[in-house]
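Presented below is the structure to which this report refers.
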Amino acid sequence: MKMRRDPRSEREARRSTGGERPRFSLMVLKPAVGRLRRSPRIVRQAATVSISPRLRIAWNGRVAPQASGAVLAARAPVETMRVVAEPAFHVLVVPDTDGEGGLSEIDRQLIAAGRSLADSGGGAVCALALQGGDDLGGAGADRVIAVTGIEPLAYDPEGRTAAVLTAIAILSPRHVLFAETPDGSDIARRVAARLGERLFAGADALEAGSDGDTRALRRAQGGSLAQSAKLPRLVSIMPDAFPLHAGLPHEGRPLDEVPMGAADRRISASRPLTVDPDTIALEEADFLLSGGNGVTDWQGFADLAEALGATRAGSRVVCDQGHLPRERQVGASGTLVTAGCYFALGISGAPQHLQGITRVGHVVAVNTDLHAEMIKRADLAIVADAQAVMPALIRLLAERKGGGDD
Amino acid sequence: MIRVAALLSIGRHPASGRARRAGLDARGLELALRMPNAEVRAFHAGDPHAASLRDYLGMGLETLNVLNVAPGCDPVPALVEALRGVGPDLIICGMRAEAGEGSGMVPYLIAEALGHAVVCDAAAIECASGTARVVQGLPRGRRREVVVTLPAVVLVNSAAPAARAPAFARARRGRIVPHPVEAREDAFLAACEMRPWRARPKRMAVPSGGSAQERMKALTEAKAGEGRLLVNPVPEEAARAVRDYLVEKRFLRGAGDGDGRG
Ligand SMILES: Cc1cc2nc3c(=O)[nH]c(=O)nc-3n(C[C@H](O)[C@H](O)[C@H](O)COP(=O)(O)OP(=O)(O)OC[C@H]3O[C@@H](n4cnc5c(N)ncnc54)[C@H](O)[C@@H]3O)c2cc1C
C-alpha cells in the first residue's frame, strides 16, 4: 500500500546532531524513520466495491471490488465457477460423519474454513467424500476424493481413520480440518495419535499473527482462557465458528478414488439402541409431545406419546396440577427446548411458554381456539378437540403398524 | 477378575474456577466402582498434595497413585509407563479435562502407546471375557451399543451415571501414594499464547442479495409458522394431517419398519 509522506519524520531524518541550536541538513536524505502513515484516501479507494448505482464500500475487504462503471463490467466475462488449476498446496477437509448421508451444516462450515486457509496462499480445498459427495463444490471444495471399501453410514471410526490416513499420505496436505462433533472429534484424535502430531482441538477462530502467519484460537482451561498458536497441520473446528462459503461455487472435481487402507478393527459390532423417550432430558429430546390445560384425557396422552415415540412435556399449568413432573415443564421458568418437532395439544401459547420453544424446528398444534397464539405459531395448526384427535391418531398409527402401508 | 485403571484429573469449577474433582473422570470412576468383579486402580498425574484428590478417595478408593508431574509438563509418558506396569484390561477416563489444555488427546495417546482400542462417549460398560459392551451416549438422547476387544481405553461422557458423593471418613482414610517421575516440558503449550477468553458476538448468517431493506427484514423478522390451518376437521382427517406432516418431516418412520420403540 502506498504510504503518505510524513513531513515530520522527513525533517527528523535531516537533523544533524551536535551544536547548540537544532540544525537540519538540506543535502543528506536518510531514509525516513518512524511510523509510516496510511493514506485514508487510498484505503477507501481500494475498499470501494461499486460507485453506481450507489456508493458501496466494504471495509472488511471481503468483497472484491468490481470494475467501476458499466462499460468495464460488461466486458468482463461472467464467471460461474472458480477453478484452482495448479494449487500451491492442499487443505484436506474431513466432513463430519454423523447424519444421514448429506452435507451437514458443520461440513459446509468446515469447507468454508478450509477455503479461507487455501485462498490465503493459492491452495486448493480437497474434501474427503466419506458418504456421497453431493454439492461439495457448491460448498467451496475444489477437489473431492472418494474412498472405496467403506460403509457409508456404518459406525466405523477405525476404518474412517485408516481412510483419512491414506488420503493424508497421498495428498500430503498443508492442513487437515476435522469437525469437533462427537464422531468427528473422535476421528481427529485417532488420526493425530497415529501420526504422532499435535491436534489443535476445537479451533474457534483463525486470526492473522503479527508476522503474517495464521494463528488459531481455542478455549482452554475449561473455557476461561483463549489459547492461540501458529496453526498446526491437524485442526478440528467447533460448530458454528465459521461462516459458510458465500462466493462462487468451486469445481468439486473428483480425484482418483483411494482405497481405505488397512484398518485394524477392534470395535467389532455396533447397533443403535432403542431408548425410552421419557428418559431423555427435555432439552435434548428431538420430538416432544406437549400437553396443556386443554388436555383432560391423560391416559390417552400417555398412549399417544408411546405410539409416536415422543418425549412427554407440558405447560406450567399441567405441571402445577401434577399431571406431569416439574422437570417436564416447557417455558421461561421450565426448560428451553431445542426439539426438531413440537406437538402441542391444548396449549394456549402464553408468552412464557412460547419463550421456551423459540429454537424448535417444526410446531404442530391442536387447540379448540382459532385465535390462540399457539395456532399462530404452528406450522400445522388444527382447530379441534384434543380429546377427539388423540384417539384417532393412536388408531391411525396402530393401523399402519399392524396392516402395512396405505 | 478384570483389571481396571481409572485416570483421574483435577477439575475446575466453571463459575468460580476453584479446583474440584473433574466431573467426567468422577463419572468414569463411578462406572469402574460399579463394575462387578473388577480390581480398580486409580492414577493421577500431577500434584500429590492437591486437596480435591481426596474427593476421589471419598468415593470408595483405598489408594490413589499420583505420578508427580510438574505443571506444564507432558503427563503422557509417565502415565504410559505406570499403566504398562499394571497391564489393565480396561482404562477408564473422562472425554476431556476441565483444566489445562483440555484437548482430550491424552487417552488417545495412551491407547496408541499401549496398543489398546479406544471407544469414546461411553455411558455404560459391561465386560465379558475378552470383550466389553459399551453403550455410547450420543446427542439428542440417542444410544449406540458397540462391542470392543479388550484391552481398551474407554472415554466417558456426561451421559454416564452421575458420580456418588464423596464420604468424608473414606476421604480421610484413603491413601495417596506419590510416585516420583520424570517429565519433560510440553514445548507446544509453552509456545502458545494464553489470554482471558472474551466472548465474541454470535455469528449470524447474513443474507446476500436484494436491497438493504430486504436484507434487514430477512435478519430481523420473527420466524412465523408455515401456517397450514385446518378448522374443525373430523378427528380422522386431523389425525391423517398430523401423521402425514410428521412422516414428511421424518419424525415418524415410513410404514413398515416400526417406529423405533422397544
Ligand atoms: C412468571 C411466570 C412464569 C411462567 N413460566 C411458564 C413456563 O415456563 N411455562 C409455561 O408453560 N407457562 C408459564 N407460565 C404460565 C403461562 O403464563 C400460562 O399461564 C400457561 O402457559 C398456560 O398454560 P396452558 O396453555 O396449558 O393453559 P391455558 O392458558 O388454560 O390454555 C389452554 C388452551 O387449551 C385450549 N383447549 C381447551 N380445551 C381444549 C380441548 N378440549 N382441546 C384442545 N384444546 C383445548 C384452550 O383453547 C386454550 O388455548 C408462567 C407465568 C408466569 C407469571
Side-chain angles (χ1 to χ4, degrees), chain A residues 155 182 186 189-190 192-194 198-199 201 219-229 240 243-244 246 266-275 280-281 284-287 306 308-309 340-341 362-364 370 376-384 388-389 392-393 396-397 400-401 404-405, chain B residues 12 14 17 98-105 108-109 112 117-121 135 138-149 152 188 191-197 203 208 225-226 228-233 235-236 238-243 245 249 251-252 255-256 258-262:
Chain A
Y155 176 67
D186 182 38
R189 286 166 178 79
R190 284 174 197 268
R194 188 59 55 82
R198 197 84 188 196
L199 170 74
R219 298 178 76 167
Q221 188 80 2
S224 63
L225 291 181
Q227 172 189 357
S228 92
D240 295 332
L244 298 180
R266 248 81 66 74
I267 297 179
S268 50
S270 81
R271 64 185 178 105
L273 293 184
T274 50
V275 250
I280 304 172
E284 282 238 319
D286 196 32
F287 183 13
E306 164 122 36
L308 288 170
C341 181
H362 306 283
V363 178
V364 179
L370 174 60
K376 288 183 199 151
R377 168 69 176 83
D379 301 297
L380 172 63
I382 294 176
V383 180
V389 174
L393 191 50
L396 191 64
L397 293 169
R400 199 175 53 126
K401 215 175 187 180
D405 42 22
Chain B
R12 179 183 174 284
E98 290 174 1
E101 191 189 7
S103 70
M105 273 310 291
Y108 288 87
L109 294 171
E112 186 66 30
V118 186
V119 181
C120 62
D121 288 314
V135 176
L138 306 174
R140 294 257 172 239
R142 285 175 299 131
R143 294 281 185 275
R144 179 166 60 206
E145 186 188 77
V146 301
V147 178
V148 63
T149 316
F188 178 82
C192 283
E193 191 187 296
M194 294 286 191
R195 55 172 191 257
W197 173 262
R203 205 173 271 290
S208 59
E226 269 170 50
R228 239 187 287 169
L229 179 66
L230 292 179
V231 182
N232 293 329
E236 278 68 34
R240 210 166 305 122
V242 172
R243 201 267 320 258
Y245 184 83
K249 301 293 179 200
F251 289 99
L252 276 183
D259 61 3
R261 278 181 64 103

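Below, read A as the first sequence line, B as the second, and so on, with proteins coming before strands; counting in each chain starts at 1.
Both the backbone and the side chain of E145(B) come within contact range of chain A, each with at least one heavy atom under 4.5 Å from a heavy atom of that chain. Heavy-atom distances place both the backbone and the side chain of N232(B) under 4.5 Å from chain A. With a 4.5 Å cut-off on non-hydrogen atoms, L273(A) touches chain B through its backbone and its side chain both. In this structure, the portions of R140(B) lying under 4.5 Å from any heavy atom of chain A include both its backbone and its side chain. Looking at R198(A), only its side chain comes within 4.5 Å of chain B, counting heavy atoms on both sides. Of the two parts of I382(A), the backbone and the side chain both hold a non-hydrogen atom closer than 4.5 Å to a non-hydrogen atom of chain B. Only the backbone of A285(A) comes within contact range of chain B, with heavy atoms under 4.5 Å apart.
Residue L138(B) holds its CG atom at 10.0 Å from CD of E284(A), rounded to the nearest 0.5 Å. The distance from the CZ atom of F251(B) to the CG atom of D286(A) is 5.0 Å, given to the nearest 0.5 Å. Here L252(B) contributes atom CG and R243(B) contributes atom CZ; the two are 8.5 Å apart, rounded to the nearest 0.5 Å. Taking CG of L393(A) as the reference point, atom CD of E236(B) lies at 10.5 Å (rounded to 0.5 Å). With rounding to the nearest 0.5 angstrom, the CG atom of L230(B) is 11.5 Å from the CZ atom of R240(B).
Residues V242(B) and L396(A) form no side-chain contact, since every pair of their non-hydrogen atoms from C-beta on lies 4.5 Å or further apart. Inter-residue side-chain proximity for D121(B) and D186(A) is flagged as unmet; no heavy-atom pair is nearer than 4.5 Å.
The candidate with the highest count of non-hydrogen atom pairs below 4.5 Å against chain B, out of P272(A), S224(A), A229(A), is S224(A). Highest contact tally toward chain A, considering only P196(B), G102(B), A191(B), P14(B), is held by P196(B) [criterion: heavy-atom pairs under 4.5 Å]. For the set A193(A), G222(A), G223(A), the count of heavy-atom pairs under 4.5 angstrom toward chain B peaks at A193(A). When each of V231(B), V118(B), V135(B), V119(B) is scored by its heavy-atom pairs under 4.5 Å with chain A, the top score falls to V118(B). In terms of non-hydrogen atom pairs under 4.5 Å with chain B, the most contact-rich of A220(A), A281(A), C341(A), A201(A) is C341(A). With respect to chain B, the highest number of heavy-atom pairs below 4.5 Å among A384(A), G340(A), A192(A) belongs to G340(A). The most heavy-atom pairs under 4.5 Å with chain A, out of A99(B), G100(B), A238(B), come from G100(B). Chain A forms more heavy-atom pairs under 4.5 Å with one residue of E98(B), E101(B), R143(B) than with any other, namely E101(B).
Atom CZ of R219(A) sits in a crowded spot, with more than 12 heavy atoms from other residues, nucleotides or ligands closer than 6.0 Å.
R194(A) places no side-chain N or O within 3.5 Å of a backbone atom of E112(B) that could act as its donor or acceptor partner.
Remark: R228(B) is not positioned above the aromatic ring of Y245(B), lacking an NZ or CZ atom under 6.0 angstrom from the ring centre and at most 45 degrees off the axis.
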